[in-house]
Visitor: 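Would you mind keeping the following structure in view while I ask a few things?
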Number of protein chains: 2
Amino acid sequence: MGANGREPAPATRLLAGSAGWLLGDVAREVTLRLEEALRGDELRWRDYGVLVILESAGPLSQQEIGRRLAVDRSTMVHVIDVLEQRGLVARGRDRADRRAYAVELTGAGRALLAEVLHPLTDAVHEQVLGRLTPGERRTLTRLLARLAGPARDA
Amino acid sequence: MGANGREPAPATRLLAGSAGWLLGDVAREVTLRLEEALRGDELRWRDYGVLVILESAGPLSQQEIGRRLAVDRSTMVHVIDVLEQRGLVARGRDRADRRAYAVELTGAGRALLAEVLHPLTDAVHEQVLGRLTPGERRTLTRLLARLAGPARDA
DNA sequence: CACTGTCAATCAGTTTTACTGACGATTTTG
DNA sequence: CAAAATCGTCAGTAAAACTGATTGACAGTG
């Protein structure tokens with residue numbers, strides 16, 4: 001898994017009024033919990049990410065998936081290999097560009113997401129975000145969406 | 001550095017109203033930019049994390065630092081080795097428990113933080129958080145602080 | 001005080017993981 | 001059409017992290 005084994009403590013306490021550090025702390029915690037929740041299904045955070053992206057965006061090339069997850073193209077080869085062997089995704093050919101695959105979710109992949117993975121990860125998010133009221137949560141989501149938005153200079 | 005080389009795109013667009021995913025996206029971007037900014041000083045994100053923690057919390061054992069960063073104790077050995085060789089931290093002995101080190105910042109470490117690293121990372125945070133108004137930024141910080149707070153069940 | 005169990009740091013060895021550079025096939029550009 | 005760029009792949013390499021064992025220190029037991 002991650003590293004330590006035990007529950008992580010925040011990296012900053014006093015200082016660090018900086019939202020950046022807090023962001024890192026919270027994200028690290030979410031990632032650790034997510035990895036733990038997914039371990040039973042022999043999936044890593046990144047595998048789940050691939051499935052979620054395909055679910056929301058439809059068929060994509062391996063590189064495009066990797067770009068969205070900040071994963072190298074050569075690494076994506078093996079990631080998709082495994083998911084394909086487990087029948088969760090399929091490598092179709094992109095008609096417009098025969099160099100690229102059009103990786104897409106299979107029915108089994110879609111079903112696993114709906115019946116197992118989403119409930120699992122929703123629970124994790126609930127654990128972490130549970131301290132906020134629904135209104136606060138909406139506010140947080142809105143602010144983060146602004147930050148995650150497109151093209152922030154270069 | 002991270003992986004891809006180029007600018008990362010958000011992992012989720014449509015779906016994913018879930019704050020958890022957005023959090024991951026934004027944190028990933030901050031991390032990538034931070035790594036890039038620190039590369040000139042031959043430091044990784046984690047090294048900077050060690051220095052920041054020591055600056056704000058005072059001398060700590062290697063394990064405690066690792067726990068706060070979710071880094072394994074055996075990995076911390078080498079991390080501190082390098083920082084010590086560069087004269088940024090010093091391994092003192094913990095008087096109360098002579099099994100543990102009391103790792104602390106040196107003057108050089110403190111100076112590097114103040115004169116180089118903090119300005120560098122502040123700039124990164126500014127790039128990413130720049131889309132928010134000061135008021136929104138305060139709100140975000142407050143919400144994240146609640147999430148990063150102590151003891152969220154087990 | 002000898003004895004047992006625990007814990008911090010370390011180290012050697014192993015495993016995992018990620019990147020590099022090159023390649024064929026294909027597309028795009030000039 | 002020739003040249004440059006792109007997608008996926010793979011072999012080799014480099015780096016990073018974990019495992020288990022060891023040493024010295026601490027805490028509690030009888």
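Residue numbering restarts at 1 for every chain, and letters A, B, ... go by the order of the sequence lines.
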Visitor: What's the NE2-P distance between B/H78 and D/dC18, to the nearest Å?
Guide: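 The distance from NE2 of B/H78 to P of D/dC18 comes to 15 Å, rounded to the nearest Å.
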Visitor: I want to check one thing: is the phosphate of C/dA8, taken as OP1 and OP2, less than 4.0 Å away from some side-chain N or O of B/Q62?
Guide: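 So the side-chain polar atoms of B/Q62 never come under 4.0 Å of the phosphate oxygens OP1 or OP2 of C/dA8.
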Visitor: Take atom CE of B/M76 and atom C1' of C/dC7, then tell me their distance rounded to the nearest Å.
Guide: 17 Å
Visitor: Taking atom CZ as the centre, does A/R138 end up with more than 12 heavy-atom neighbours from other residues, nucleotides or ligands that are less than 6.0 angstrom away?
Guide: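 Not buried by this count: 12 neighbours or fewer within 6.0 Å.
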Visitor: The side chain of A/Q63 lies closest to which of these nucleotides: D/dC7, C/dA8, D/dA17?
Guide: D/dC7
Visitor: Taking NZ, NE, NH1 and NH2 as the nitrogens, is one of them in A/R146 or B/E136 under 4.0 Å from a carboxylate oxygen of the other?
Guide: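 Looking at A/R146 and B/E136, the cut-off is met.
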Visitor: Between B/W45 (CH2) and D/dA16 (P), how many Å, whole number?
Guide: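 It is 15 Å, rounded to the nearest whole Å.
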Visitor: Taking the side chain as every heavy atom from C-beta outward, state whether B/L83 and B/L43 have any pair of such atoms under 4.5 Å apart.
Guide: yes
Visitor: Rounded to whole Å, how long is the line connecting atom CD1 of A/I80 with atom C1' of D/dC7?
Guide: 13 Å
Visitor: Between A/E29 and A/R33, does at least one N-O distance fall below 4.0 Å, as a salt bridge requires?
Guide: yes
Visitor: To the nearest 10°, give me the bend of the helix from C/dC1-D/dG30 to C/dG30-D/dC1, comparing the axes of its five terminal pairs at either end.
Guide: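 For the helix from C/dC1-D/dG30 to C/dG30-D/dC1, the axes at opposite ends meet at about 30°.
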Visitor: Can you measure A/I65 atom CD1 to D/dG8 atom C1' for me and round it to whole angstrom units?
Guide: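 Taking CD1 of A/I65 and C1' of D/dG8, I get 12 Å after rounding.
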Visitor: Rounding to a whole Å, what distance do you find between B/R73:CZ and D/dT19:C1'?
Guide: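 After rounding, the reported distance stands at 10 Å.
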Visitor: Looking at residues 82-106 of chain B, who's got a heavy atom less than 4.0 Å off DNA chain D?
Guide: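 Listed by number, they are B/D97, B/R98, B/R99.
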Visitor: Report yes if the side chains of B/R73 and B/Q62 come closer than 4.5 Å at any heavy-atom pair, otherwise no.
Guide: no
Visitor: Just one of A/R95, A/R93, A/R99 clears the salt bridge (charged side-chain N to carboxylate O under 4.0 Å, His left out) bar with A/D97, so which one?
Guide: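 Exactly one pass, corresponding to A/R99.
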Visitor: Find the distance A/E35:CD to D/dA17:P and express it as a whole number of Å.
Guide: 14 Å
Visitor: Whether B/R46 contacts D/dA17 is assessed here as follows: a side-chain N or O lying under 4.0 Å from the phosphate OP1 or OP2. Is that the case?
Guide: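 So the side-chain polar atoms of B/R46 do come within 4.0 Å of the phosphate oxygens OP1 or OP2 of D/dA17, strictly under.
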Visitor: Could you check whether B/D47 pairs with B/R44 (Lys NZ or Arg NE/NH1/NH2 to Asp/Glu carboxylate O, under 4.0 Å)?
Guide: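 Between B/R44 and B/D47 there is no salt bridge, as every charged N stays at least 4.0 Å from the carboxylate O atoms.
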Visitor: Return the nearest nucleotide to the side chain of B/S74; candidates are C/dT10, D/dC7, C/dC19.
Guide: C/dT10
Visitor: State whether A/E126 and A/R137 are salt-bridged, where the test is any N-O pair (Lys NZ or Arg NE/NH1/NH2 against Asp/Glu carboxylate O) under 4.0 Å.
Guide: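 Judged by the 4.0 Å cut-off on N to carboxylate O distance, A/E126 and A/R137 do form a salt bridge.
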Visitor: Rounded to the nearest angstrom, tell me the gap between atom CG in B/D81 and atom P in D/dA17.
Guide: 14 Å
Visitor: Using a strict cut-off of less than 4.0 Å between a Lys/Arg side-chain nitrogen and an Asp/Glu carboxylate oxygen, indicate whether A/R68 and A/E64 qualify as a salt bridge.
Guide: yes
